[in-house]
Every structure is written in C-alpha cells, then in structure tokens.
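First the proteins, then the strands, lettered A, B, ... as listed; each starts at 1.
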Amino acid sequence: MTVRTRIAPSPTGDPHVGTAYVALFNYCFAKTHGGQFILRIEDTDQARSTRESEGAILAALRWVGLEWDEGPDVGGPHGPYRQSERSALYREHADILLGKGHAFRCFCTAERLTEVRKAQMAAKQTPRYDGHCLSLSADESARRAAAGETHVVRMKVPDGGTCVVHDRLRDPIHIDYSQVDMQVLLKSDGLPTYHLANVVDDHHMGITHVMRGEEWISSAPKHLLLYGYFGWQAPELCHLPLLRNPDKSKLSKRKNPTSILYYQRMGFLPEALLNYLGRMAWSMPDESEKFGLDQMMAHFDVDRISLGGPVFDVDKLTWLNGRYIREDLDDAQFIERIVRWQLNREALAPLVPLVRPRISTWSDLVDVAGFFLQGMPPITADDLAHKKLEPQEVQRVLQWTQWQLEALPAWDAAAIEATLRATAGVLELKLRDSLAPLFVAISGKKSSTPLFDTIGLLGRDLSLARLRHGLEVLGGVSKKQQGRWQKAYRAALAAQAEAGG
RNA sequence: GUCCCUGUCGUCCAACGGUCAGGAUGACACGCUUUCAACGUGUAGACGAGGGUUCGACUCCCUCCAGGGACACCA
C-alpha cells in the first residue's frame, strides 16, 4: 500500500503558518515512506471561500518549499482537487447514506434549532440536534424533498455505545456516541459540510494517513462512523498538537501574526520558517536546531512528535532566521535575496504614486518610504500623544481600528477607508483626529503617505502588528478596559448593521 | 456546562526505570570589539500537586489541579 497524505486548506483567508506546519509533517511522512503528498482545496463554504485566497495559499506553500504530487494546479488521477467541483460526488454519497438508512433529511428551521440549542444551554446540557426529523417516514421525507422543501441531510448516530479513536500518537481515545451530534452532511444549498466532503474525498483520493490538527479529535467519531457506513477502511489518524499564542491559546491572528505573507514581508527566509515549523513539536535525534527539509526527511520519525502545544515564538524564529542569513548566504545570494524580497520592480511599483509627490531627491526616499521596509517603527508613547485626544482615547482608536481591520473581509484601500471613516463616526471624532494616532502607529511618523493606501500595501498582519505595537508602547490595555471597549464595539457594530439594513 | 487532549527551565525541544535532569532561545554578567551586532565564556532558571508500584521514578498506575481544544447548514 502506498502511503498517501494530504493537506486540505480552506481558502478563506491569508495563508496560515499552521497550514504550512501541518503540511510539513504530512509531506515528511509521505515522502519518507515513499508515498505521495496531495493538496486539496476545501472550498465548500461558498460564502467565505475565494480564488484569491486559494492562489495565495498555494503560492505560500510553494514559497516555504513544499511541493505536492497532486493538486488543483498540477492535476492528478484523482481530481478534481477542489471540493466545489466535486459536489455531484457528495450528493451521490449522501443519497447512498439516505438509502442505507444511515442518514435522514431534516426540515427543521434555523429558528427552531437555535431555540432548541438555547433551551439545552439553559438546562446545562451539551447542545445537540434533538432528533426531531428522525421520526419522519421515508415516504414523507422523500415527498417533502421532492416538493422542493428546503432541508439538510444529517447523519445518524448510534443511540448508545462508545467510539474508540485510534490515534498514532496517543492511547486509544474513548468517546461516547451520546457526545456525538447528528451532524449535517449536506447543507440546504446542496453542498457538503467538511465532515462528509472530507471523508468522501480522503477515501476516493486514496489517503492512507490523516495528519491534522488536534482540534479535530472530537469530531473523529463522526468521520469513523461515516467510513463504517460506507463500508470503507478508515485511514490511520494522527492529530498534531496545535500551534499556540504566547498565552497558550490556539494561534490566532487576533493575538499574533499568523499569515505566511507577514513573515514573508518581514523578511524571513522560507527555509528558516520551514525549519522553525519543523522544530514545533518535533526534534532531530541529535537535537540539532538548524536543518533543511532534506535533513528533516532523512531523520523523520512520527513518533518523535511531542504532544504539548508549542508556543510559536517569533524571537526564536528570528534568531534562526539570522543564522540562515549569516551562515548560508554568500554576498551575491544575500543581494539576490533582498532584491527578491522587496527591492524589486513588482514590490516598488505600487509605492511610486504614493512617494513621487513627496520627494525632491532620491535621498528623501528613506525618510518618506523607509517604513515600508521596516518591521515595527521605533515609536514612543510621546510620539503617539495627540493635542486633542486623551491618551486613553488614542488607545481606544488603535484598539477599535485593530478590531475593525482584523474583521475586514476584503483588503483594499477603499474598504479600509470606509472602515476607518465609520470608526471615526462611531467614536464621534473628526476623521483627522482619529487618523492621527494611526499615522504614527503605522508609519512611525505624524505624517506619511496616504494612510488607506499605505495600510493596504502593508497588508493585514503587518498593519495589525503595528497597531498592536502602538498599544503596547502606550503601556497596553487592561483586560477590564478591553472588555468595556469590546462591549461598546459590539454594540456599535449591531447598531450599524441595523442602520445599514 | 459537557466531552476530549495535554502537562520538563519564561519559551522550543532532549532524557522513554538508575544522568549533578541535557541543549537551544530569551534574560543577566564578563570577554573580544571604535560602537552595535556577531562570536566566546559564565550565571540564574523546570520534572504541576499528592498518593501508590518499584531496590530505585521525570519516566508506570490512580486522584486532584492547571492549560488547551471541541460542542454550527465554518473548516
């Protein structure tokens, strides 16, 4: 049997370092067993998936040095490798389950489900589907579906008993079926949920080993159940510990830069980033810290994966990156790399219209545009002081803007402008005043290139990191204060939504 | 709240019944250096707690505690 593993990212945002981390282990496992590594796009969430995101993810994985044997761009014998192009297959398989009595149609409204959930929460029970449509006769179910009544397909779950999940790295995990929800498999839009699509595809693509984040352990019984229902052999499971923020919570863009694009932009070398990810939860037998993909593969052993959730430590990554710059690049390569980084036509082109009006000599360039190349601008609390705003008001502007930008679906100057204007309105500040602290936090100076374009060019994670940095420079925001602001922020959002219809 | 996972220096990893618990990073100190880095040397710093099992437990078992994850027509 050929070992086949996969990475199955969902194209709903910037390429995540966690994706590269999981991909790396899948890659190493497959390759060290003479197998194949597949890339599949899980874009069944129509509302959030975009082609831009998909392209960025593929490019980012290639950038760190991972290549796949089969995927949406390179093809392969088990395609298509994009779930949105496989919907017929899922419907077919939902029908099989329906036919075998392992699944049922559910006509419940969203309102009813929320109500049930609310009641269960109030009664301190685990929120679960209550089985309302389970009792529908096959005839009635089929008739209502044929009549075009909107419905979903849910999987059935055994009344009693326990599911034993075998994980490559852990003792057998026992989960009672009473804990497993009757998961929706086919949404009312006819597209599958993760659980169905994942199982169907892993089977049809011949995936033998599923290495994925630990967050999936609790839904493993659903997947195992599905394999059983279809009469398929389940792949071996291996749940990797989750990358963490410094506060130990699951790595999130809310608290940390998580986008590979950010690390790219900050000037990390792809080989250093990949090396660092290989040090997360794993070590070389001789404990060496600096190693390339080839060396990692030469010594790879799944059983050397440790299970404590590793904190993604940018400081240590930075140290490692420094070693690569010092030890692995000769002068020519050094130059080539910085050119490839930001000192090239493609990266410079968008700066021209912003910079040209503001310089008289080339030597003005560093002053005007140097911050584009910078990490965190060297600012102090004094720099952020504003004659019309109290220090706390400044913090509030930074904090709100951070929240707004991190939730912004699209990332372009127009959307950013609209958001920042809205923020000023809600905070009842003149745009000019509310923008002042942002100029400083983003560019390091009171005035700079136009803010909206600048933020757009800097990218989401780098902009957010600078806002966070600004807040830190001001001494940080207390949990209590943050809570209060968050409440007001949510309320403002709700009001805005209502006003906007 | 329910279920599940995890628990070694602040952080990342070693040691898988017998070591003064090791390395790296970060911190600090000293050296080198015009400065800063880099580099070199050194210092502080951990087995979550309590019970067992054993001649002997970081390592095995139990209880507790702590952290994390999951509980969607998102993945």
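Here B:G69 presents its C1' atom at 13 Å from CG of A:Asn245, a figure rounded to the nearest Å. Atom-to-atom, CG of A:Asp130 to C1' of B:C71 comes out at 16 Å; the value is rounded to the nearest Å. One atom, CE of A:Met280, and another, C1' of B:A24, lie 12 Å apart when rounded to the nearest Å.
Here salt bridge (charged side-chain N to carboxylate O under 4.0 Å, His left out) pairs that include residues 254-274 of chain A, with residues two or more places apart or in two chains, are A:Asp247-A:Lys255, A:Arg254-A:Glu406, A:Glu271-A:Arg337.
In this entry B:C47 has no Watson-Crick or G-U wobble partner, no candidate having both defining distances under 3.5 Å. Remark: B:U35 base-pairs with no nucleotide; criterion is Watson-Crick or G-U wobble with both hydrogen-bond distances under 3.5 Å. When both distances must be under 3.5 Å, the Watson-Crick or G-U wobble mate of B:U41 is B:A29. Remark: B:G7 base-pairs with B:C65; criterion is Watson-Crick or G-U wobble with both hydrogen-bond distances under 3.5 Å. When both pairing distances are held under 3.5 Å, B:C60 makes a Watson-Crick or G-U pair with B:G52. B:A21 is unpaired under the criterion used here, namely a Watson-Crick or G-U wobble arrangement in which both key atom distances are under 3.5 Å. Checking B:A70 for Watson-Crick or G-U wobble geometry (two distances, each under 3.5 Å) identifies B:U2 as its partner.
Taking the P atoms as reference points, B:G26 lies 26 Å from B:A21, given to the whole Å. Remark: the separation of the P atoms in B:G67 and B:G23 is 31 Å, to the nearest Å. Using C1' as the reference atom, B:U41 and B:U8 are 26 Å apart when rounded to the nearest Å. Here, B:A27 and B:G10 have their P atoms 15 Å apart, quoted to the whole Å.
In this structure, A:Arg48 does not reach the B:A72 phosphate: none of its side-chain N or O atoms is under 4.0 Å from OP1 or OP2. Residue A:Arg279 places no side-chain N or O under 4.0 Å from the OP1 or OP2 atom of B:U25. Here A:Thr12 does not reach the OP1 or OP2 of B:A75: none of its side-chain N or O atoms lies under 4.0 Å away. Note on A:Arg128: every side-chain N or O is 4.0 Å or more away from OP1 and OP2 of B:C71. In terms of phosphate contacts, A:Arg212 brings no side-chain nitrogen or oxygen within less than 4.0 Å of OP1 or OP2 of B:A75.
For A:Gln233, the CD atom sits in a loose shell: 12 or fewer heavy atoms of surrounding residues, nucleotides or ligands are nearer than 6.0 Å.
Minimum heavy-atom separation, A:Leu196 to A:Pro192: CD1-CB, 3.9 Å.
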Inset, instruction - For nucleotides 5-11 of chain B, just jot down a letter per nucleotide in 5' to 3' order: B, S or -, based on protein non-hydrogen atoms under 4.0 Å. - result: SS----S
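The aromatic rings of A:Phe29 and A:His33 lie tilted to each other, with the angle between the two planes from 30° to 60°.
Here the CG-OG1 distance, from A:Asn26 to A:Thr19, works out to 11.0 Å after rounding to the nearest 0.5 Å. To the nearest 0.5 Å, the span separating CH2 on A:Trp216 from CG on A:Leu240 amounts to 14.0 Å.
None of A:Trp282, A:Tyr27, A:Phe291 except one satisfies the ring-ring contact (aromatic ring centres under 6.0 Å, His included) rule with A:Phe300; the exception is A:Trp282.
You'll find a donor-acceptor pair under 3.5 Å spanning the side chain of A:Ser188 and the base of B:C73, going by distance alone.
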